[in-house]
Amino acid sequence: MTNQDLRVGLVGAGKMGADHALRIHERISGARLVAVADPDLDRAQQVADTAGARAQQDPFEVIAASDVDAVVIASPGVVHEPLLLAAIERGVPVLCEKPLTPDPKSSLRVLEAEEARGRRLVQVGFMRRFDAEYAELKRLLDTGELGRPLLLHCAHRNPTAPPGFTSQMMIFDSVVHEFDATRWLLGQELTAVSVRAGRSTALAAEGLVDPQVVSIETTGGVLVDVEIFVNCGFGYQVRCEAVGERGTALIGGDRGPVLHRGGQWGGAITADFRDRFGAAFDREVQRWADAARRGEVDRAAASAWDGYAAAAACEAGVQAQASGQRTEVELVDRPDFYA
């Protein structure tokens, strides 16, 4: 297929799906969108029209279509498992937005299906692995320029949470990225999660405890703290500082120059995740499409195993929220298939 465009079917026409549709149509070479599925056919049609694709309601019809070579899943996580299983059964590559599935048990079923198929097909959309700043931080850690890593200090801030956003979603929808980034940056599994909450912002909806501090422990003894604040009010920020034996490195500073004038200083702050990680999304999807055209997966990307490990950490995080106690992350042994 290397001399032909990858024909992509998109499942989910919400904010993330619409963003991917435009990305594939305008910025990804060697791929084109042919179908968009969403239960809301009008919404599917609006997104499909941006890329000259057809609109359908049934996602399984898109996955099974003879003119679809690969699938992007951007639907809510609760429906991911049957969609992934259908794609694996047909043998088509899948880029699945996080989460792989909402819980580790269902994620394991996806792993088992992929292993039974005998071919890696699933990539999970943890786009930070494709961000230039995160890539440089990983290089510094891998080369040992900072010495052995001792601590990671992280902050994940959103300007405002959408209606219906819950404290549990702070773990499943937000800190899930820190779980994956920690595993990837350090090359270590997560062993335990603790969650603490103090004074909540007046901007939080009733019942939402915001901000919270999540503490993560790893197999290598590195301690990680994450400030998750989904109603910070001023913009979108993701920061990570690695503390090593011989130095520190901080990524995620505000975009643009820092100005000093008139007794003030300041700079630009990104408005949302698409501004901050737009280039990372582009690289992620381009590399996924390139690998799919070769009949391969991008081994630098997050695998189904990584999605499972993140789901297990999320489950421990939500339990820690509820109990106020340190909660261990329970993982099965990693299959050789994902080595």
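None of the values given here were measured: they were computed from a predicted structure.
Note on Asp282 versus Arg23: salt bridge recorded, some NZ/NE/NH1/NH2 to OD/OE distance being below 4.0 Å. Salt bridge status for Glu114 with Arg117: absent, with no side-chain N to carboxylate O gap under 4.0 Å. Taking the charged nitrogens against the carboxylate oxygens, Asp290 and Arg283 have no contact shorter than 4.0 Å, which rules out a salt bridge. Salt bridge Glu145/Arg139: present, at least one basic N to carboxylate O contact under 4.0 Å.
Between Thr248 and Leu146 the shortest side-chain heavy-atom distance does not fall below 4.5 Å. Side-chain contact between Leu121 and Val297 is absent, with no heavy atoms from C-beta onward closer than 4.5 Å. The side-chain heavy atoms of His20 and Val285, taken from C-beta on, include a pair separated by under 4.5 Å. Put simply, the side chain of Met127 reaches to within 4.5 Å of the side chain of His177, judged on heavy atoms. Inter-residue side-chain proximity for Phe60 and Pro82 is flagged as met; some heavy-atom pair is nearer than 4.5 Å. Contact of the Pro39 side chain with the Gln57 side chain is not registered, since no non-hydrogen atoms from C-beta on lie closer than 4.5 Å.
Residues Leu95 and Leu22 do not share a hydrophobic cluster, defined by chaining ILVMFWY side chains whose heavy atoms lie under 4.5 Å apart. Under a hydrophobic clustering in which Ile, Leu, Val, Met, Phe, Trp and Tyr are joined whenever their side-chain heavy atoms come within less than 4.5 Å, directly or via other members, Leu100 and Val332 fall into the same cluster. Residues Ile28 and Phe130 fall into different hydrophobic clusters, defined by Ile, Leu, Val, Met, Phe, Trp and Tyr side chains chained together at heavy-atom separations under 4.5 Å. A single hydrophobic cluster is not seen to contain both Leu190 and Leu151; linkage of ILVMFWY side chains at heavy-atom distances under 4.5 Å, directly or through other members, places them apart. No continuous path of hydrophobic side-chain contacts links Val209 to Phe165 [ILVMFWY only; heavy atoms under 4.5 Å].
Side chain of Gln56 to backbone of Ala37: no donor-acceptor contact under 3.5 angstrom is found. In this structure, Asp38 contributes its side chain and Gly12 its backbone to no donor-acceptor pair below 3.5 Å.
Within 6.0 Å of the CZ atom in Arg148, the count of heavy atoms belonging to other residues, nucleotides or ligands does not exceed 12.
Annotation: Phe229 is not in aromatic contact with His156 [ring centroid separation under 6.0 Å not met].
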